[in-house]
*Asks:* 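There's a structure below that I have some questions on.
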Amino acid sequence: MDLGVAYEHHSSHRAASEGYDVPEGVDVRGWYDEEFGKILTKDALQFVADLQREFRSHVKYAMECRKEAKARYNSGALPGFDPTTLKIREGDWVCTAPPPAVADRRVEITGPVERKMIINALNSGAKVFMADFEDSLSPSWENLMRGQVNLKEAVDGTISFHDKARDKMYKLNDQTAKLFVRPRGWHLPEAHILIDGEPATGCLVDFGLYFYHNYANFRETQGDGFGPFFYLPKMEHSREAKIWKNVFERAEKMAGIERGSIRATVLIETLPAVFQMNEILYELKDHSVGLNCGRWDYIFSYIKTFQSHPDRLVPDRVQAAQIPIRDNAKANEMALELVKKDKLREVKAGHDGTWAAHPGLIPPILEVFNANMGHAPNQIQSMTRPEAASITEQDLLQLPRGARTMDGLRLNTRVGIQYLAAWLTGSGAVPLYNLMEDAATAEISRAQNWQWLKYRAELDGDGLGVRVSNELFARIVEEEMERIQKEVGTERFKNGKYKEACLIFTKQCTANDLDDFLTLEAYNHIVVHHPKGSPRL
Ligand SMILES: CC(=O)SCCNC(=O)CCNC(=O)[C@H](O)C(C)(C)COP(=O)(O)OP(=O)(O)OC[C@H]1O[C@@H](n2cnc3c(N)ncnc32)[C@H](O)[C@@H]1OP(=O)(O)O
Ligand SMILES: O=CC(=O)O
Ligand SMILES: [Mg+2]
């Protein structure tokens with residue numbers, strides 16, 4: 001496997017072999033840092049290696065199954081309910097009750113595992129904080145390992161941060177949000193940790209290190225005897241949930257804690273998973289704390305699943321997630337109104353809670369949920385949805401409606417390149433044009449451009465009925481790069497990774513076949529192996 005990784009000397013970092021004490025078969029290729037060494041202990045790495053060895057063939061098989069499903073969709077099939085699991089969909093079973101610590105989750109804040117953000121999020125007044133190794137984190141060695149250090153201190157309650165420029169100290173309040181951790185999706189490798197000569201599975205590293213170091217403290221101080229708690233992203237089938245169930249049970253056994261202690265909320269954010277919700281819950285039923293929807297990845301997955309279905313071209317993505325607009329009171333008011341409308345729809349549809357990408361959104365969201373949920377901690381018992389039983393495959397596969405415009409193509413390109421440039425330099429979530437952009441929204445930009453190029457989509461709204469072509473796209477890329485340079489300034493443009501981002505983004509938009517994930521290729525550009533004794537993979 002050639003990951004095309006870079007080999008660099010980090011003058012401030014010592015060789016891995018000088019520091020990390022690794023178990024048999026484990027090779028840490030990321031640089032050595034004393035703080036990271038407290039996470040990458042021999043015992044913790046042994047636990048990760050045990051998980052990897054026990055589950056790697058299951059993960060490989062699940063990824064092969066994804067490929068087979070993709071081949072079926074590419075030859076015209078539509079996703080649908082699996083007739084062989086009808087019994088599960090119609091069966092009389094329930095998931096275990098939510099642990100008391102997280103019975104009320106009416107507003108949850110999300111954000112990367114960055115030190116200041118973790119403290120701000122835990123102090124934000126939200127019921128839950130989802131600390132993210134996924135959509136909002138660029139998975140560099142630095143970010144991942146620093147993130148583990150930060151989370152350990154957060155669970156210990158000792159985390160602090162000094163903003164030197166503002167001489168401001170950050171520390172935890174007495175009352176904090178309950179912590180959930182979102183590991184990476186099953187598809188991403190962790191190229192800085194080799195196990196038996198192969199890159200480890202990214203999410204097993206995220207989960208394994210976090211669980212190993214925090215389960216005991218978490219259960220004592222945060223989970224009322226349960227936990228730790230997780231969010232599970234980007235799954236496409238219940239067999240992937242089953243791997244998580246087995247991983248959880250393996251971890252519970254290692255820790256000597258009761259089965260069902262670890263709890264997880266699954267994000268339904270791929271089109272195939274929409275037809276697997278019961279099956280996913282069934283697999284995880286003793287470890288479940290419900291489902292949530294990931295709308296941005298869902299849109300991306302819709303495009304990806306229907307990549308060979310030109311009758312399903314999607315309209316302009318229009319916008320990503322709202323965040324407050326600081327310098328324009330009127331625009332801010334309008335943004336908050338949009339957020340409230342969106343959240344009202346969710347609470348009325350029976351959601352027990354919702355996500356906020358920024359602390360400034362918590363008060364308006366709480367207002368909507370409090371007004372509609374009253375004093376009940378959730379709507380599990382009170383909300384009945386009789387019509388849910390009659391939802392058909394057709395309902396879940398409606399054709400997209402809406403306009404495709406030149407502005408949409410331009411915005412996808414401008415935002416996609418800027419996001420990727422930020423990601424390559426270590427930022428996985430960025431505010432762009434007053435919206436929150438992360439890996440999922442960037443995937444929409446990239447996949448939508450690909451789809452429109454592939455099928456020479458006709459763009460409305462320009463009055464000329466222009467069709468998207470490689471020539472048109474090349475011109476747009478050039479113009480949008482000029483615009484980006486003007487907006488960010490020549491110096492930042494020159495020193496940033498805009499050109500590298502542009503190359504990766506345009507290559508993927510114009511590829512003959514749609515790459516499965518933008519971040520899978522981009523990852524090769526951020527892997528930095530310590531050179532000592534490391535032959536090319
Ligand atoms: C599709 C999905 O998967 S959604 C989930 C994944 N995405 C995310 O979680 C994105 C989360 N949001 C963010 O990362 C940030 O809000 C951004 C990057 C979009 C904007 O961040 P900033 O530019 O720092 O925003 P802004 O300057 O308005 O921040 C004001 C304050 O709020 C804090 N803040 C902003 N967002 C968050 C957050 N999500 N969690 C905690 N604190 C936050 C900032 O740290 C800053 O704190 P300070 O006043 O102490 O310095
Ligand atoms: O993870 C959330 C999403 O919308 O994607
Ligand atoms: Mg997502």
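Any value given below was found using the heavy atoms of this structure, including those in side chains, with hydrogens, waters and symmetry copies removed. Both counts, for ligands and for their atoms, begin at 1 and track the order of listing. These numbers were taken from a predicted model, which means no experiment stands behind them.
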*Asks:* Which atoms of ligand 1 sit under 4.0 Å from any heavy atom of Asp438?
*Replies:* 1 (C), 2 (C), 3 (O), 4 (S), 5 (C), 6 (C), 7 (N)
*Asks:* For Glu134, is the nearest heavy atom under 4.0 Å from an atom of ligand 1?
*Replies:* no
*Asks:* So that I know where these two stand, are Phe248 and Phe211 an aromatic pair - ring centroids less than 6.0 Å apart?
*Replies:* no
*Asks:* Looking only at distances, please establish whether an N/O atom of ligand 1 is found under 3.5 Å from an N/O atom of Gly111.
*Replies:* yes
*Asks:* Testing Val113, Val155, Ile159 one by one against Asn150 for a side chain to side chain contact (heavy atoms under 4.5 Å, CB included), which residue passes?
*Replies:* Ile159
*Asks:* Would you mind running through ligand 1 and noting each atom that sits below 4.0 Å from a heavy atom of Ala429?
*Replies:* 10 (C), 14 (O), 18 (C)
*Asks:* So is there a nitrogen or oxygen of Trp355 less than 3.5 Å from a nitrogen or oxygen in ligand 1?
*Replies:* no
*Asks:* Do protein heavy atoms approach atom 21 (O) of ligand 1 to less than 4.0 Å?
*Replies:* no
*Asks:* With a 4.0 Å cut-off, would you call Asp135 and Lys234 a salt bridge?
*Replies:* yes
*Asks:* Compute the shortest N/O to N/O distance between Arg182 and ligand 1 and return yes if it is under 3.5 Å, no if not.
*Replies:* yes
*Asks:* If we count only non-hydrogen protein atoms and require a distance under 4.0 Å, does atom 31 (C) of ligand 1 qualify as touching the protein?
*Replies:* no
*Asks:* Does Lys304 count as lying over the ring of Phe517, i.e. NZ or CZ under 6.0 Å from the six-ring centre, within 45 degrees of the axis?
*Replies:* yes
*Asks:* Below 4.0 Å from any atom of ligand 1, is there a heavy atom belonging to Phe129?
*Replies:* no
*Asks:* Identify all N/O pairs between ligand 2 and the protein with a separation under 3.5 Å and present them as a table of atom names and distances.
*Replies:*
| unit_1 | atom_1 | unit_2 | atom_2 | d |
| --- | --- | --- | --- | --- |
| ligand 2 | 1 (O) | Asp135 | OD2 | 3.0 |
| ligand 2 | 1 (O) | Arg182 | NH1 | 2.8 |
| ligand 2 | 1 (O) | Glu269 | OE1 | 2.9 |
| ligand 2 | 4 (O) | Arg295 | N | 3.1 |
| ligand 2 | 4 (O) | Trp296 | N | 2.8 |
| ligand 2 | 5 (O) | Asp135 | OD2 | 3.4 |
| ligand 2 | 5 (O) | Glu269 | OE1 | 3.0 |
| ligand 2 | 5 (O) | Asp297 | N | 3.0 |
| ligand 2 | 5 (O) | Asp297 | OD2 | 3.0 |

*Asks:* Are any N, O or S atoms from Glu134 nearer to the Mg ion (ligand 3) than 2.8 Å?
*Replies:* no
